[in-house]
Trainee: 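Handing you a structure now.
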Amino acid sequence: MIKDKRYTLPIAEIKEETTEVRTFCFNVNLDVEAGQFIMLTDFNGGEKPFSISNYESTSDGKLLSVTIKKIGNFTSRLFEMFKGDLVSIRGAYGSSFFIPGKDNSANEEYHCLPKDFKPVLCGGGFGLPPLYLLARHLIDAGVPSSNIRVIAAGRNEEALLFEERFNMLGVSYIGAAENLNNSGHNRFLGTAAEALASFDTDFNFVYASGPDLMMKSLIPFIPNGVEYQFLFERYMKCAIGICGSCATDPSGIRICKEGPALWRTQVEKLQDFGVYKRTASGNIESFTNRLAGKK
Amino acid sequence: MIKDKRYTLPIAEIKEETTEVRTFCFNVNLDVEAGQFIMLTDFNGGEKPFSISNYESTSDGKLLSVTIKKIGNFTSRLFEMFKGDLVSIRGAYGSSFFIPGKDNSANEEYHCLPKDFKPVLCGGGFGLPPLYLLARHLIDAGVPSSNIRVIAAGRNEEALLFEERFNMLGVSYIGAAENLNNSGHNRFLGTAAEALASFDTDFNFVYASGPDLMMKSLIPFIPNGVEYQFLFERYMKCAIGICGSCATDPSGIRICKEGPALWRTQVEKLQDFGVYKRTASGNIESFTNRLAGKK
Amino acid sequence: MEKELRTDFLGVKLSSPLVLPAGVLDISFSSMKQVSVLGAGLVTTKSLSTQARKGHEGPVVTEVEGGMLNAMGLCNPGIEAGIKEVHLLKEAAANDDELSGNCPVNMSIFATDKEDFVSIAEKADKSEADFIELNLSCPNVMDEFGVPLAASEQMVAEIISAVKNVTQKPVIAKLSPNVTNFTKIAGAATDAGADALCMINTLGPGIDIDIEMAKPVLSNITGGMSGPCVKPIALRLVYECRKAGLNIPIIGMGGITNGRDAVQMLMAGADLVGVGTAVYYRGPEVFRLINEELLSYLRRKGLDSFQSINRII
Amino acid sequence: MEKELRTDFLGVKLSSPLVLPAGVLDISFSSMKQVSVLGAGLVTTKSLSTQARKGHEGPVVTEVEGGMLNAMGLCNPGIEAGIKEVHLLKEAAANDDELSGNCPVNMSIFATDKEDFVSIAEKADKSEADFIELNLSCPNVMDEFGVPLAASEQMVAEIISAVKNVTQKPVIAKLSPNVTNFTKIAGAATDAGADALCMINTLGPGIDIDIEMAKPVLSNITGGMSGPCVKPIALRLVYECRKAGLNIPIIGMGGITNGRDAVQMLMAGADLVGVGTAVYYRGPEVFRLINEELLSYLRRKGLDSFQSINRII
Ligand SMILES: Cc1cc2nc3c(=O)[nH]c(=O)nc-3n(C[C@H](O)[C@H](O)[C@H](O)COP(=O)(O)OP(=O)(O)OC[C@H]3O[C@@H](n4cnc5c(N)ncnc54)[C@H](O)[C@@H]3O)c2cc1C
Ligand SMILES: Cc1cc2nc3c(=O)[nH]c(=O)nc-3n(C[C@H](O)[C@H](O)[C@H](O)COP(=O)(O)OP(=O)(O)OC[C@H]3O[C@@H](n4cnc5c(N)ncnc54)[C@H](O)[C@@H]3O)c2cc1C
Ligand SMILES: Cc1cc2nc3c(=O)[nH]c(=O)nc-3n(C[C@H](O)[C@H](O)[C@H](O)COP(=O)(O)O)c2cc1C
Ligand SMILES: Cc1cc2nc3c(=O)[nH]c(=O)nc-3n(C[C@H](O)[C@H](O)[C@H](O)COP(=O)(O)O)c2cc1C
Ligand code: FES
Ligand code: FES
């Protein structure tokens, strides 16, 4: 009996989001919760984790989407593929975002939907797409869409993904960037943290997804007593909890298993959060060096 | 996932039936139907098939019995064992006896209990004990015990097993032997076949269990149109249908899988029935030679 | 259906690439006939020796996670009786509507030295079998360097050449996976004139232990492993033979249980596919079922024969 | 509970006979600490090399029937970083209430030649690790007869003696099962001065094939097999070492997933029991669970320590 089934199937659809970001869709029936990820390979060297950005019923059965940024070798190869080309996925893996009333809550008080559940969903870069599936599931669970606010943080206008899609859900979408040509409707000139601060604590839950440093910058603006869940990225190899590649310090929380969605209490204990990540070899690479290296 | 589970457990009870026959009981919960067998080993070289002679609920859970004749090396070792000694069993294996109203019927007309189901249960030697479990299951299925007749065939009075036990069920028990000191109540001086003939076709089903030659001798006395089931013995090694040791000719029916309980249509096609058996090596040994060798 | 699975193997027409390997439902003509009717393209006899062998005392099999250990002990009725069973099989097949006489047979033989191999092969040569398979997996040490037969390129080669000298029938070398130098053995067998290779025999061996009695479950203590869990290793060995450039026909086996497994084995480089232990999991019908699964794969992929399945090399 | 599972291994006190083997949850001090807290008596680091290695491209693992294939490619942060992790681990353990400083560590190292083995061992000797384990499973050919390192008695012996010369720490030889002459290698390792043997490394290797794309699933094509299905072979190799009279301590591993498996491994002749792939099936809690299962076995059998479990030999 194989627990970890692999699905090799044609790309059902490719949507161009921006020049550097595309959504790849597959007809496949998996057990999917918002926040979870799949491992994707073209059997050409490389298998990489991608968050599930949507999972919906269509006339051809279930349609699963991942939204991918072209970054290096592997993602560039994906960007050369066409609808109908075969790729192979396994998953869905990892912990998922909290949905009020669902059993995946670590927090008893949310087990049935509180009347005033007012979450902020804050996504940076390709951290945003998984929040789309989250928003859908929150609404399905009965959270009024008017209670849900999305902060999409990015470098510039181009990086602000999924605006139309979120608008269709009726949630409020604020695009936050430090370089914006027009700072019109639904735009915020500044960082994700500054956008969150501008809400003046008028929220009682924060979901965030994106680079460590972005997520870390939010913390000062989340009042004590407000729960949050952050979606983490670490180097993934096995994705089934055995190789230790994605383990965080100091307690060994595995981002592929106990993560990627971690609760406040878990996040508060991390010593690597925003400080360093481990590379493919297991070596420590500090974020400041990374940033330095990039500049 | 292991399909073929092994149970190593203490002998719960040993009943002396005759000097050469004992019943060994085990507290074990198996899926058991009448006619099926287990493989039993003491991990001392040898693992042998034995028909299940009883399976009942007790205060200690299920109690499974096999009734064993001391014949050679292996059975002699068993006769030196005591209550509490460990042995190891696996099973239950093979096809089972037909119980009216149960799904294991190949014969549509018996799917619900016919009012006049009147079976004869004919057992020779250690072929008799499995018929005891059969009788219990028939009665459980609603066959009036007065409809059930048992012919116990043997060499002499000593070989006529289980009389008391069958009597407790309220079925009629006829001990048939060619050498009987007293041919009193419930005794028949003659062979199993002669005993069956004496019923003058006042039956509509025959179950038989015992040596090939005994079973074969019954056939002339089973009218056309009367169904029967015979319980076969062939050399067993794997008991899980893979080694081919127990296969019969000419169509490869495996006594450990499709057997040991075969239906009339199956029996009628056998070319080895009553003619030869295969030995441990797969070689053919004819029954006439066997008998000749024994004399 | 038949069209797409038919094949020609060493000059013999087979209705399917599926092979019943030595040791499974093949002691008697009846079992072999049944398996042919159910869809095996080729059936192999139990490995036959000069004399009948009773084999090991039970327990002779034990199920383990992902497979099975067996220590049958090469029980067999002996070469003479085996030849008779093949005769009966061919006779039965000739009279069978479904087979209409077509029932290719591979006669497996084994011995512990070259002389015995030759003398059995001489007998097998006069049988009605289509092929002779040499079970070369003997773990006994037979050469001067203390290397077991199965691992000795020289002994394997010598036995094959010697047998080739006494028979016109195609000779298949059945190889043991339990050697460090597998592709070299396969190469030596090929160079020595084997017409095809059959791989893999059982892996290990392994041990199962009863923890209640602290006893090995098998009376022989160790038993060869077969079934689904040996498949990755079987695939690798077939693949490595192809990678090493061996061009000889290969019967690939080891854990093949369904159509997907069979396709994998063909992709690894096999020409025919053996199905043994799967009889335990899916019954003798496994041959019919895998034929159907193969066909539905071919249809789905738009291929018109199993030979057009791509190899991974 | 502790009393019955405590043991002494090469002079070091362990709280349980369960060992975290090289390669599973052992890249960082955090994972190793977690596994210690959960009940492993000894944790092994990922096999460390002179330089950091990124390992193979993915896919690096694939589940197969009864187990798993992996081709991580010996990714590791390098010996220097590994030594730091062990330092952090010892530090964390010293400050941990549950461990109260007790966290024995086995440092696994590997190289492709003797010189590198020695130079890494010299560094490992200065680490805070309690033992040094030599991963001798390298399939690369390193000797003049074309025999892979893992199968060469001479190379294995030379590396062990050379390492013994540069360290005071007990040296454990980790052996590959993929050799014809396993007990001879084990004997050579013992004679060369190894303080303990660790067996088995992954089996095969094997191949998994994706039939939709006709591609090997692992980017490295082949991967070593681990998990429940290798257990029978692991038990056999441990047993054979004992039968061959080897008196050296043995860490037995390969597919151990529950208490019954662990008891079997002890009965086969192991002193400690490794638990690797089972983390996949039962999570890191597997160590706590197997400790409990072992204890309940001991209680049921009226034994007062796991050392009183009978061996089958
Ligand atoms: C849980 C999780 C969810 C993710 N979700 C998304 C997503 O929805 N959309 C998206 O575009 N990207 C996502 N990523 C990141 C994505 O996996 C990398 O962008 C991708 O692997 C880059 O591969 P590459 O060969 O193109 O680039 P490379 O040049 O190989 O790497 C570029 C960077 O990507 C990261 N990366 C590379 N390989 C891995 C790996 N095996 N595991 C983790 N990170 C890696 C590293 O930070 C590296 O510096 C996610 C990562 C994780 C861990
Ligand atoms: C389906 C089936 C049900 C059986 N039920 C019973 C039963 O309820 N009670 C009972 O006493 N006996 C039963 N037997 C027969 C029993 O298995 C043998 O008596 C026993 O195996 C003898 O072993 P031994 O070593 O004592 O004698 P041995 O000297 O080894 O053999 C004596 C005879 O027993 C038979 N026998 C031996 N080994 C086997 C084997 N592996 N498979 C089949 N037959 C074998 C052979 O006919 C042999 O000639 C049954 C056999 C079968 C096939
Ligand atoms: C019960 C059993 C008996 C076997 N007997 C033989 C034999 O006599 N000769 C032989 O060459 N192989 C024998 N084998 C090995 C098989 O032919 C085959 O090589 C192996 O089982 C792997 O294939 P599988 O996993 O499909 O069973 C036997 C295997 C089993 C399970
Ligand atoms: C993902 C993975 C990585 C491994 N890495 C190493 C390694 O670096 N060094 C080593 O000696 N063994 C390594 N092994 C082998 C294990 O230590 C162990 O010997 C083998 O997996 C058998 O045990 P198991 O079935 O309990 O996993 C690895 C095994 C796995 C599954
Ligand atoms: S990627 Fe998480 S443990 Fe391997
Ligand atoms: S005993 Fe029936 S097939 Fe093996």
Side-chain angles (χ1 to χ4, degrees), chain B residues 1-10 39-49 72-74 77 85-90 234-258 269-272 276-285, chain C residues 23-35 37-38 46 48-49 51-66 68 70 72-73 75-78 80-82 84-85 88 92 208 210-220 226 276-281 283-284:
Chain B
M1 228 61 54
I2 305 265
K3 279 171 43 176
D4 190 47
K5 205 164 144 33
R6 170 175 286 291
Y7 300 84
T8 300
L9 28 71
M39 293 295 282
L40 192 156
T41 184
D42 58 356
F43 290 130
N44 233 322
E47 183 188 34
K48 303 290 179 178
N73 276 341
F74 182 80
R77 280 208 312 270
D85 286 351
L86 291 172
V87 297
S88 188
I89 66 178
R90 55 190 178 102
R234 286 295 181 269
Y235 207 91
M236 303 266 172
K237 294 192 162 192
C238 72
I240 53 173
I242 186 171
C243 74
S245 164
C246 69
T248 54
D249 295 326
S251 50
I253 289 173
R254 297 163 299 175
I255 294 306
C256 72
K257 273 285 180 186
E258 290 80 39
K269 284 190 206 119
L270 294 181
Q271 75 180 46
D272 46 349
Y276 61 85
K277 271 189 182 178
R278 288 178 189 270
T279 64
S281 71
N283 258 319
I284 282 174
E285 187 183 59
Chain C
V24 174
L25 294 186
D26 57 358
I27 294 173
S28 59
F29 75 95
S30 316
S31 298
M32 289 186 276
K33 189 194 142 198
Q34 186 199 17
V35 170
V37 171
L38 284 167
K46 180 75 192 164
L48 301 163
S49 51
Q51 301 300 322
R53 290 170 55 102
K54 284 167 49 179
H56 295 310
E57 289 288 351
V60 288
V61 294
T62 181
E63 193 181 342
V64 295
E65 289 292 336
M68 179 175 293
N70 91 77
M72 303 302 299
C75 50
N76 78 89
E80 310 284 3
K84 269 191 214 136
E85 296 291 336
L88 293 171
D208 190 10
D210 186 274
I211 65 164
E212 299 306 321
M213 291 176 71
K215 288 274 200 174
V217 170
L218 299 177
S219 77
N220 184 53
S226 63
T277 305
V279 166
Y280 167 61
Y281 298 100

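Computed from heavy atoms alone, side chains included, the values below leave out hydrogens, waters and symmetry copies. A note on names: the letters A, B, ... follow the listed sequences, proteins ahead of strands, and every chain is numbered from 1.
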Trainee: Is B/T41 close to chain C through its backbone or its side chain, or both, or neither, when contacts mean heavy atoms under 4.5 Å?
Mentor: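 For B/T41, the contact with chain C is made by the side chain alone.
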
Trainee: Counting neighbours of CG on B/N44 that are heavy atoms of other residues, nucleotides or ligands and sit closer than 6.0 Å, is the number greater than 12?
Mentor: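 Yes, CG of B/N44 has more than 12 neighbouring heavy atoms, counting only those of other groups under 6.0 Å.
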
Trainee: In the structure I gave you, are the side-chain heavy atoms of C/M68 and B/I242 within less than 4.5 Å of one another anywhere?
Mentor: yes

Trainee: So what's closer than 4.5 Å to chain C heavy atoms on B/M1: side chain, backbone, both or neither?
Mentor: backbone

Trainee: I'd like to know if the side chain of C/E63 and the backbone of B/D4 have a donor-acceptor N/O pair within less than 3.5 Å.
Mentor: yes

Trainee: Can you tell which part of C/K215 gets under 4.5 Å to a heavy atom of chain B, answering side chain, backbone, both or neither?
Mentor: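 Contact with chain B involves the side chain of C/K215 alone.
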
Trainee: Can you say whether B/T279 sits under 4.5 Å from chain C via the side chain, the backbone, both, or neither, judging by heavy atoms?
Mentor: neither

Trainee: Mind ranking C/V279, C/V60, C/N220 by heavy-atom pairs under 4.5 Å with chain B and telling me who comes out on top?
Mentor: C/V60

Trainee: Does C/Q51 have more than 12 heavy atoms from other residues, nucleotides or ligands lying within 6.0 Å of its CD?
Mentor: no

Trainee: With rounding to the nearest 0.5 Å, note down the distance linking NZ in C/K54 to NZ in B/K237.
Mentor: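 Result: 9.0 Å between the selected atoms.
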
Trainee: Where does C/M32 contact chain B at under 4.5 Å (heavy atoms): side chain, backbone, both or neither?
Mentor: neither

Trainee: For the candidates C/S28, C/P216, C/G55, which exhibits the highest count of non-hydrogen atom pairs separated by less than 4.5 Å from chain B?
Mentor: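 Maximum pair count with chain B is reached by C/S28.
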
Trainee: Sort out for me which of B/K257, B/K48, B/E47 touches chain C most, counting heavy-atom pairs under 4.5 Å.
Mentor: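 Going by pairs under 4.5 Å, I would pick B/E47.
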
Trainee: Mind checking whether C/D210 and B/S88 have side chains closer than 4.5 Å, heavy atoms only?
Mentor: yes

Trainee: So what's closer than 4.5 Å to chain C heavy atoms on B/I284: side chain, backbone, both or neither?
Mentor: side chain

Trainee: With chain C, which of B/S281, B/G244, B/G252, B/A239 has the greatest number of heavy-atom pairs at distances under 4.5 Å?
Mentor: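 Highest number of pairs under 4.5 Å: B/S281.
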
Trainee: Given that the side chain runs from C-beta out, which part of C/S30 has a heavy atom under 4.5 Å from chain B: side chain, backbone, both or neither?
Mentor: both

Trainee: Among the options C/R53, C/M213, C/Q34, C/M72, pick out the one with the most heavy-atom pairs lying under 4.5 Å from chain B.
Mentor: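 Among C/R53, C/M213, C/Q34, C/M72, the one with the most close pairs to chain B is C/M213.
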
Trainee: Among B/A280, B/A247, B/G282, B/G46, single out the residue with the greatest number of heavy-atom pairs under 4.5 Å to chain C.
Mentor: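 Ranked by heavy-atom pairs under 4.5 Å with chain C, first place is B/G46.
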
Trainee: Could you grab the distance from atom CG of C/L88 to atom CD of B/Q271, nearest 0.5 Å is fine?
Mentor: 7.5 Å

Trainee: If I compare all heavy atoms of C/V64 with all of B/I2, which pair ends up nearest, and what's the gap?
Mentor: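 Looks like C-CD1, 3.4 Å.
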
Trainee: C/G58, C/G276, C/P284: which one forms the most heavy-atom pairs within less than 4.5 Å of chain B?
Mentor: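 Maximum pair count with chain B is reached by C/G58.
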
Trainee: C/V217 versus chain B, heavy atoms under 4.5 Å apart: side chain, backbone, both or neither?
Mentor: both

Trainee: Between B/R278 and C/E85, does a salt bridge (Lys or Arg N to Asp or Glu O under 4.0 Å) hold up when you go through it step by step?
Mentor: CA-CA 12 Å; B/R278 288 178 189 270; C/E85 296 291 336; 2.8 Å; yes

Trainee: Return the CZ to CD distance between B/F43 and C/E212, rounded to the nearest 0.5 Å.
Mentor: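 Between B/F43 CZ and C/E212 CD, I get 10.0 Å after rounding to 0.5 Å.
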
Trainee: Using only atom types and a distance under 3.5 Å, with no angle test, would you say the side chain of B/K3 pairs donor to acceptor with the backbone of C/Y280?
Mentor: yes

Trainee: Answer yes or no: is there a side-chain heavy-atom contact under 4.5 Å between B/R90 and C/T62?
Mentor: no

